[in-house]
Amino acid sequence: MSSSHSPIGVFDSGVGGLTVLRALASLLPKERFIYVGDTARVPYGTKSPESVRRFSLEIARYLKKRHVKAVVVACNTVSAVALPDLRKFLPVPVLGVIEPGARAALAATRTGRVGIIGTLATIRSGAYEEAVHRLDSSLKVFCEACPLFVPLVEEGWVGRNPVTLQVARLYLKPLLAKRIDTLILGCTHYPLLKSVLKKVVNQVELIDSAEETAKAVRSRLEQDGILAPYGRRGECEFFSSDDPVKFTELGHKFFGRGLHRAERIHLEGV
Ligand code: DGL
């Protein structure tokens, strides 16, 4: 049985979800977090929805055994294709990143023309589009899959890298032609490309759903009366399904600070 003392499970296909964990840990400093990165099977964004659902349920099974009090799906691809399955399987609140991202975009747009970028699986699912339209069906939404961004970020080709800049120009051209004024960064890796993207889109508002997700998690915990007790010190534990040394090395770029060494876990199916 879980209680307010129990940890919060956070998971992603790999290290990208650490951008979400960073926002969670800073907004909820008294909480204990268990982060799982499925580095043995990353990327999820190029896989079929069936595979992503199966992998996600295997991680959920692990988190269930750890008696978490809530699960944050830090991966956009998983949030796009597996949220209903996870909610059916887990007996605790399950929160994804798409709904909060859509809400932030609605608050930011002035012209009602919103762009969305993400992995192939996220864009094909239409989940962001649906989430935006559930909030306001009059918004005009334009989507573009940007599959090369994930490997470029993992390679560390961010900042002023000319190759990344050129790739960004090509991917974003069709969205700029639609005169979007807001762009949802619908993938865990894209916040690390903010400076490159800013150069390409100029005045367009960039939406990073991590902070909005953290706020949604806090409200849900408050509402359910399961916030960590006052006076407790929070902590983050890290687990990966492949080499934990590699996870830790790559992870600090996404987490924004050093992280405790990850431990390897065995997920069934890996
Ligand atoms: N975490 C994934 C997402 O946010 C990106 C990496 C992957 O494709 O697994 O969609």
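Whatever order the structure lists ligands and atoms in, that order sets their numbers, starting from 1.
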Check each N or O atom of ligand 1 against all protein N or O atoms and list the pairs under 3.5 Å, with atom names and distances to 0.1 Å, one per line.
residue: ligand 1; atom: 1 (N); partner: Asp12; partner atom: OD1; Å: 2.8
residue: ligand 1; atom: 1 (N); partner: Ser13; partner atom: OG; Å: 3.3
residue: ligand 1; atom: 1 (N); partner: Thr188; partner atom: OG1; Å: 2.9
residue: ligand 1; atom: 4 (O); partner: Asn76; partner atom: N; Å: 3.1
residue: ligand 1; atom: 4 (O); partner: Asn76; partner atom: ND2; Å: 3.2
residue: ligand 1; atom: 4 (O); partner: Thr188; partner atom: N; Å: 3.0
residue: ligand 1; atom: 4 (O); partner: Thr188; partner atom: OG1; Å: 3.2
residue: ligand 1; atom: 8 (O); partner: Tyr44; partner atom: N; Å: 3.4
residue: ligand 1; atom: 8 (O); partner: Gly45; partner atom: N; Å: 2.8
residue: ligand 1; atom: 9 (O); partner: Ser13; partner atom: OG; Å: 2.6
residue: ligand 1; atom: 9 (O); partner: Tyr44; partner atom: N; Å: 2.7
residue: ligand 1; atom: 10 (O); partner: Thr77; partner atom: N; Å: 3.1
residue: ligand 1; atom: 10 (O); partner: Thr77; partner atom: OG1; Å: 2.6

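Applying the ring pair (Phe, Tyr, Trp, His ring centres under 6.0 Å) rule to Tyr171 yields the partners Phe149; only residues at least two apart in sequence or on another chain are considered.
Between Phe247 and Tyr35, the ring planes lie tilted relative to each other; the angle falls in the 30° to 60° range.
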Output side-chain donor-acceptor pairs under 3.5 Å for residues 12-19, partner residues at least two apart or in another chain, one line each.
residue: Asp12; atom: OD2; partner: Gly14; partner atom: N; Å: 3.1
residue: Asp12; atom: OD2; partner: Gly16; partner atom: N; Å: 3.1
residue: Asp12; atom: OD2; partner: Gly17; partner atom: N; Å: 2.8
residue: Thr19; atom: OG1; partner: Gly16; partner atom: O; Å: 2.9
residue: Thr19; atom: OG1; partner: Thr188; partner atom: O; Å: 3.3

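A salt bridge is defined here as a Lys NZ or Arg NE, NH1 or NH2 lying under 4.0 Å from an Asp or Glu carboxylate O, and Glu99 with Arg134 meets this definition.
Sorted by first then second residue, the side chain to side chain donor-acceptor pair (under 3.5 Å) pairs that include residues 59-79, not counting sequence neighbours, are Glu31-Lys69, Arg61-Glu268, Tyr62-Arg66, Asn76-Tyr128, Thr77-Thr119, Thr77-Thr122.
Side-chain contact annotation: Glu237 with His260, donor-acceptor N/O pair under 3.5 Å absent.
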